[in-house]
Amino acid sequence: MSFLTMVYASLYYFAAIVLLVGVTYKVVQYARTPAPLKIPTTPAPTTRSGVVFRMTREVVLFESLFRGNKWTWIFGWIFHFGLLLVTLRHLRYFINPVWLPIELVQPFGIYGGIAMVVGLAGLWARRFFVDRVRYISSPSDHFILGLLIAIGCTGLLMTFVFHTDIVAVKSFFLGLYAFDPPPLPTDPLLLLHLLLVATLMIIFPYSKLLHAPGLFFSPSRNQVDNPREQRHIAPWAKRLEQD
Amino acid sequence: MTDHHESNTGPAECGPSQPDRRTFMATAAGVTAALVAPGVIMHSVAGPRTEAVTSDVRWGLLVDTAKCADGCSACIEACDRENGLDLQTQPSGAQPTRWENQKSVWIRKVKLQDNQTGRVTNLPLMCQHCEHPPCVDVCPTGASFKRADGIVLVDRHTCIGCRYCMMACPYKARSFVHEVMSNQLTRVPRGKGCVESCTLCVHRRDYGEESTACVDACQAAGHEAIIFGDLKDPESPIRMRLAELASRQIREDLALNTGVRYAGF
Amino acid sequence: MAKATFEVPELSQYIDVPAVMPDTMAHSMPFVAKPEIQNPLGYPGELVDDWQERALEKMGDLLGRYRSLRVYLDSCVKCGSCTDKCHYYLGTKDPKNMPVGRQDLMRKVYRRYFTLAGRFFPKLVGAEDFTKEVLDDWYSYFHQCSQCRRCSVFCPYGIDTAEISMAAREIMDSIGVGQKYCNEIIGKVYKIGNNLGLPGPALADTLEGLEEDVFDDTGVQVRYPLDEEGAEILLVTPSADFFAEPHVDGLIGYGKVFHEAGVTWTLSSHASEAANFGMFIGSYENMRRVAQRIREAAIKLKVKRIVFGECGHAWRVAYSFLNTLAGPWDFLDPRYPVPQHICEFTYDLIQRGQLTFDKSENDDKVLTYHDSCNVARASRMGDTPGGQFDIPRAIIRATCNHFYDMDEDTIRDRTFCCGGGGGLLTDDLMELRVKGAKPRVEALNNVMQEKGVTHMAAICAICKSQFTKVLPYYGMEMDQIVSLHQLVSNAIVLSGQNEDDEEDEADEAA
Amino acid sequence: MKRIVYREWRVPPARYWSLLGILASVIGVAALAFAYMEHEGHWVTGMSNSVVWGVPHVFAVFLIISASGALNVASIGTVFRKPLYKPLGRLSGLLAAALLVGGLLVLVLDLGRPERLVVAMTTYNFRSIFAWNIFLYTGFMAIVIAYLWSMADRKGDPYNRAIGIVATFWRLALTTGTGAIFGFLVARQAYDAAILAPMFVVMSFAYGLAIYMLVLMFSFKEDDRPIGNRILFRLRNLLGIFVLSVFYFTLVYHLTKLYGAKNYDLVGWLLLDGGIYTFLFWVGWVLIGGLIPLGIIYHPIHGRDRNWIAAACGLVIVGGLSSLYVIIIGSQAYPIQMFPGQTILESGFFDGVQGAASSYSPRIPEVLLGFGGVAVALLVTAVGVRVLQFLPESLADEVMPPDEEASGRAAVGAQA
Amino acid sequence: AQVALAAEMKTYVVAGSQAATLDSCVEPTDIMRRKHMEFIQHQRDKTVHGGIRSSKHSLSGCVDCHVRDEPDGEAVPIHQKQEFCGACHAFTAVNLNCFDCHAAVPKGPGAALASKAAYQAVGLEQSPRAVSDGKEH
Ligand code: HEM
Ligand code: HEM
Ligand code: SF4
Ligand code: SF4
Ligand code: SF4
Ligand code: SF4
Ligand code: SF4
Ligand code: SF4
């Protein structure tokens with residue numbers, strides 16, 4: 001195994017562990033923390049299935065953001081939808097045989113990549129041009145946007161200009177599963193792309209990227225509006241009752 | 001492959017002899033192109049073309065309707081075979097009469113009667129390879145184009161199948177591939193969803209063959225009603241014939257300056 | 001009457017989002033609670049020495065107890081969607097009044113002490129030490145949030161700044177930095193039974209007076225009972241309803257409605273307060289203690305149902321938390337939800353055709369309706385989501401001929417807070433209250449100009465008090481704000497009511 | 001003048017979602033039809049090498065020109081400074097965008113190689129009117145969005161009129177361009193006429209307005225919002241004028257065709273002898289799409305009845321579809337005249353043997369595809385009015401701005 | 001870019017094809033892996049518009065050289081999942097529609113001519129298929 005392959009293999013083992021353990025830890029932590037009071041933002045659904053529907057609208061359409069700010073919504077949505085397509089397309093590097101639905105959406109991933117970068121650029125522009133958003137932006141906000149744009153641009157360059165050996169890339173990742181990765185192509189763009197992606201994976205559990213799992217645990221969105229019908233009480237609050 | 005071909009050979013009058021002769025042609029033009037080339041058409045490059053076509057030539061056809069025989073369809077069948085149109089099969093479930101109007105036809109026979117004189121004329125009709133082709137003007141993607149040597153083609157890699165060119169062609173020369181294809185020939189790729197038409201046997205042009213399938217067939221059938229050649233070369237047989245015969249373009253009023261000319265009607 | 005030591009914002013035709021002007025409100029701080037106010041609530045009397053440690057410890061404790069806090073502190077992506085949604089930002093231009101700006105006051109401390117990134121790269125992620133300056137900012141700006149939840153409506157993750165303000169106030173209380181207004185009131189509830197400190201006999205007096213007034217007006221003996229054991233309904237209403245205009249007109253209305261419904265009802269001197277300021281200071285324990293009084297009163301008076309009077313945050317605590325804090329309510333009549341809102345009660349009667357109205361009694365007014373934020377965004381009425389918007393409007397439509405809504409962006413769940421909620425209804429925060437009312441007053445002003453609206457109805461004691469105080473700053477009349485049940489009271493035709501009286505009143509009005 | 005208040009469409013959720021459900025299922029069926037056509041190839045449609053554009057194009061062209069017509073209402077408001085029409089502007093913009101989306105979708109899904117859409121979007125042949133139309137359509141979309149923004153956002157207000165004027169011209173160009181798609185086809189006798197372009201323009205006015213009125217009346221009725229007679233009758237009268245103009249152009253079209261002597265046979269065929277096309281011309285185009293609606297609109301009693309007005313709009317739409325069927329398909333069915341003075345006795349390719357017209361009968365998948373386009377347009381509209389403030393709260397007479405005559409005078413006065 | 005060690009890589013060249021008997025593709029293998037699509041697309045435009053048939057990146061050439069012949073001489077369509085183009089594209093989930101139109105086996109008169117230039121590029125006169133027996137079509 002060449003030195004480079006070894007470095008990247010270890011990097012990816014490390015990043016994957018950080019990502020998995022970190023996100024699992026956070027999710028478990030969220031799930032374990034009680035929500036002692038009913039605080040859905042009303043009007044809220046009065047049934048579980050209603051909540052699922054509300055959540056779906058939030059996740060798929062960013063409904064609240066739509067009501068809040070159309071510009072952010074349009075860019076944010078373009079970015080995330082693009083990211084979704086890119087992710088689906090990328091699955092082909094990690095599963096073998098590739099599932100049919102992935103094969104079918106795969107070509108759209110390229111447009112997804114373009115959309116993603118466009119969306120990110122719009123979001124970034126807001127951070128400079130809207131004074132309120134400028135005020136609340138910290139270096140890490142810029143950093144994450146820059147990181148994602150860099151990932152997108154290196155990827156797009158590979159797709160359109162400096163092709164890499166996809167077969168070898170895929171073999172490398174499949175090899176990681178078996179702890180025996182074949183050599184990784186040494187195209188600089190690919191290495192850069194992968195380095196940035198590993199960075200993203202590593203910072204995920206410590207950064208605002210936690211919004212993705214966080215949304216599902218937000219009490220103002222995921223609670224059913226039925227406090228009069230059902231008593232809702234947290235374990236620690238129950239203890240108060242006993243004294 | 002061989003058996004396939006046999007099953008598709010047309011009426012006996014021109015069929016069986018074809019394959020052999022063409023094989024010979026192909027080999028001759030390919031392997032020993034240099035030997036065959038001299039004396040043939042001056043402008044055509046012998047062997048696979050290495051330089052892009054230029055406008056030094058303009059390919060065209062001259063149909064002498066007087067010679068075109070009633071009841072003959074040799075050119076049609078030859079074209080179908082040459083270009084793999086005979087491989088079209090009616091999709092199961094298609095209604096036969098509609099299918100007749102949906103399958104591709106690059107060249108067809110038309111039989112006319114003059115309203116005044118009652119004179120009957122037979123002629124083969126294909127893409128006229130207009131100099132100012134309306135099909136090219138209207139094509140949104142530029143898939144329809146006129147090659148420098150005057151051949152009007154569809155680049156089927158960029159054709160989106162909008163069929164606007166078919167609306168625009170005054171000769172109804174184009175066909176839309178309505179069904180899924182299989183078993184195509186290597187030299188003539190064609191498939192569902194694109195528009196196509198007579199290419200003046202463009203592959204033959206590029207491999208330095210001297211004539212088209214229809215011309216060869218007509219000759220083989222003994223009619224010699226079609227002549228192929230370079231309209232720009234005063235020495236070429238087609239120009240010579242054009243000088244001899246009174247010829248016209250179909251729908252001359254449209255001023256398309258067609259590359260296919262008709263004499264004798 | 002309005003004398004201002006600050007500039008009253010100009011109203012415009014539309015919601016203008018101002019450019020940020022940092023620190024315009026840094027000086028705004030409510031009075032700090034004295035030890036004698038703090039102690040009864042179980043808090044240290046003044047800033048303790050090891051405050052930083054204790055505060056962080058408390059923060060850790062709350063993070064483990066409230067999922068909302070934990071998720072909200074982690075999830076914000078600084079998208080900016082909430083930035084122009086807070087009425088305090090719109091009115092004061094202070095960026096720390098942008099909801100996310102306010103959250104960040106706590107988030108930067110959270111990041112510094114509770115996350116890896118903040119521990120190692122504080123500058124990068126905007127983490128900061130918990131210094132005295134930060135604490136001062138906390139005290140200032142977490143008392144510039146009326147916990148109206150408007151920001152949570154527009155946040156893609158539903159991040160509710162109110163939850164964070166509550167937690168911050170709880171942390172500050174726990175290190176001895178309490179707000180005088182809220183904590184004093186909670187103390188009064190413990191001691192006397194209501195926010196205003198009205199003792200039982202005073203209540204009885206007032207209610208007797210009401211009965212007389214109503215009889216004079218209508219010739220009908222409408223009762224306003226107190227502490228009547230065995231009554232069917234216990235009415236819990238904000239203590240403001242007992243004396244101040246326009247609140248008391250609402251109380252008169254409730255009585256008339258109960259009268260027409262033919263049910264027996266009573267108020268309680270033990271639970272003579274619907275408001276629960278425990279919520280404002282984010283203290284589960286205090287909130288629970290206040291709520292328990294209602295349980296005790298219900299048991300003592302052997303009532304079958306509990307109905308709440310008009311008050312926004314009281315209704316939130318009642319609707320959303322009462323079952324949790326003081327439940328289960330298995331000893332009450334299971335056919336009715338516990339608790340019920342007086343509007344639900346009235347609406348139900350209207351639906352069943354049991355009330356007769358003479359709408360022309362309200363013809364001197366052209367109305368609009370202010371959705372009180374806690375009703376709109378933190379609770380419900382009726383069976384279907386959004387009932388809290390439709391039911392009050394249906395009542396207004398049933399009792400008035402002229403009604404127009406304000407601009408769509410400023411009503412229903414997008415309603416603007418009156419500016420006085422969340423424990424800020426105190427004179428030491430007058431500047432904040434006036435500025436914070438701007439967006440609401442602006443929308444009101446627009447319908448006044450365009451539709452000729454004269455009055456705004458509300459169903460919240462805080463809103464009513466706030467507007468009575470604040471409208472004059474904007475050149476409007478303090479009596480332009482009315483109770484919803486005041487309209488009911490005006491229009492309702494009591495059975496057996498004297499016809500002549502009615503005409504008299506009509507003449508007067510004309 | 002009072003400020004116009006716009007509010008989201010707030011029909012009860014059950015009703016709203018069932019409406020969306022119905023539209024979505026129509027779209028779903030259309031999607032299946034598309035998948036079938038795409039998988040099998042076009043042989044499953046009624047289209048052939050003779051009639052190459054079928055029912056999908058009828059729908060697509062109808063929707064596209066209606067889109068342009070729907071925007072007309074907004075234009076009248078801004079460009080011609082008729083304040084009465086201003087409150088109608090936003091819906092007009094939305095509907096225009098929605099109809100265009102629906103129409104283009106049908107057009108694209110009927111392509112032989114729809115997956116090459118991106119080719120169509122990236123490679124252009126600038127001599128092709130069709131390629132220009134791609135620009136016209138995407139440009140239209142962008143302009144409508146800008147226009148909507150300028151109507152809805154206060155920051156956009158200063159640009160409103162400028163954008164409105166651009167939109168108006170763009171719109172005219174778009175319909176002219178669509179008409180020119182046919183008008184430039186010298187090959188086909190029935191098309192080869194400059195008058196097709198202006199004819200498409202007036203058609204677009206009529207059909208777009210009819211759709212607009214139906215959508216407006218429906219959405220207002222569902223949400224209990226009032227529409228005053230003043231504005232409704234205004235729109236009705238306008239519709240009357242547009243239908244009359246379509247009539248006029250139909251007449252001129254046939255007259256110019258007759259003028260060129262070589263077209264006698266074509267006109268004769270169409271008016272007398274064209275089978276389904278003759279029927280659709282007289283019954284669909286002339287009677288249903290023209291005479292009956294005009295009768296209703298100018299009827300002293302029915303003309304004031306909302307149900308009758310709605311019926312008139314519906315008939316105009318049916319008539320519009322018929323007229324486009326005649327124009328688009330009839331003209332292809334009529335054989336190309338390649339050999340003047342000759343009769344074709346036999347042909348290997350349906351060249352109008354003995355003058356016979358080509359046959360075409362629509363197949364179910366292509367019709368479903370067409371309906372899918374309509375459903376998409378309606379769905380976009382329904383979602384649009386629900387989530388954004390497109391519909392004015394009221395169009396009752398008393399809240400509407402004064403008639404432009406009055407304000408026009410005022411404006412003149414102000415200038416003087 | 002440095003060359004990935006091709007030797008360690010799985011190869012898709014199938015036994016029974018001409019390619020299996022040869023050392024090199026029309027370009028070095030690692031370049032082919034990365035850029036073959038550009039080559040053929042480029043060639044495509046040159047051929048269709050310019051009529052140039054003599055350059056080495058012709059699709060017919062790919063097919064002719066890489067297609068696998070069954071022992072009985074029947075060629076197996078190259079885009080099938082187990083075959084050269086098909087297997088690799090299945091691995092990378094790339095859907096090609098080239099073979100909607102293009103013959104996936106050398107077929108018909110003149111097929112050998114179409115692949116000739118590609119063969120010449122690697123130093124062979126022409127496809128052995130064309131000369132081995134007379135049944136090139
Ligand atoms: C369930 C999945 C997700 C949902 C529902 C979601 C939702 C959102 C929303 C509503 C926003 C705010 C709007 C905006 O600024 O765009 C946002 C922002 C953001 N999201 Fe996500 N997201 C998800 C997953 C992800 C993932 C997986 C990533 C990263 C790889 C990501 C990266 C970001 C970033 C960087 C921002 C901030 C953009 C800015 O700085 O303005 N999101 N997300
Ligand atoms: C370990 C994970 C990843 C691997 C192995 C990987 C690999 C690649 C490769 C090989 C390409 C070139 C595709 C081609 O030439 O056709 C590419 C493109 C791209 N990558 Fe990644 N990538 C990874 C993760 C990501 C992530 C997390 C993102 C986004 C946040 C991303 C964004 C993109 C984009 C936008 C493109 C261009 C569009 C496309 O071809 O899909 N990649 N990536
Ligand atoms: S005959 Fe028709 S297809 Fe051929 S070049 Fe002329 S217009 Fe084009
Ligand atoms: S069908 Fe193809 S060749 Fe004809 S106009 Fe459309 S894109 Fe051009
Ligand atoms: S020139 Fe070739 S393609 Fe054209 S009709 Fe003749 S045989 Fe067919
Ligand atoms: S082969 Fe010659 S004679 Fe026969 S139909 Fe064709 S052109 Fe006429
Ligand atoms: S809860 Fe209300 S007052 Fe507090 S930050 Fe949010 S919008 Fe502002
Ligand atoms: S809307 Fe929510 S996520 Fe966005 S900045 Fe505000 S609090 Fe953060």
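- Heavy-atom pairs under 4.5 Å with chain B peak, among E:S54, E:G50, E:A103, E:C101, at E:C101.
- With a 4.5 Å cut-off on non-hydrogen atoms, E:A117 does not touch chain B at all.
- The closest donor-acceptor contact from the side chain of B:Q88 to the backbone of B:L85 lies under 3.5 Å.
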Verdict with reasoning, B:R81 to B:D86, per salt bridge (charged side-chain N to carboxylate O under 4.0 Å, His left out):
CA-CA 6 Å; B:R81 251 189 334 269; B:D86 55 348; 5.6 Å; no
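- The aromatic rings of E:Y12 and E:F91 lie tilted to each other, with the angle between the two planes from 30° to 60°.
- Here E:I52 is the residue among E:D45, E:N97, E:T47, E:I52 with the most heavy-atom pairs under 4.5 Å with chain B.
- Counted within 6.0 Å of NZ on E:K35, heavy atoms from surrounding residues, nucleotides or ligands total 12 or fewer; the atom is thus considered open.
- Contact count versus chain E (heavy atoms, under 4.5 Å) is highest, among B:G193, B:C194, B:G191, for B:G191.
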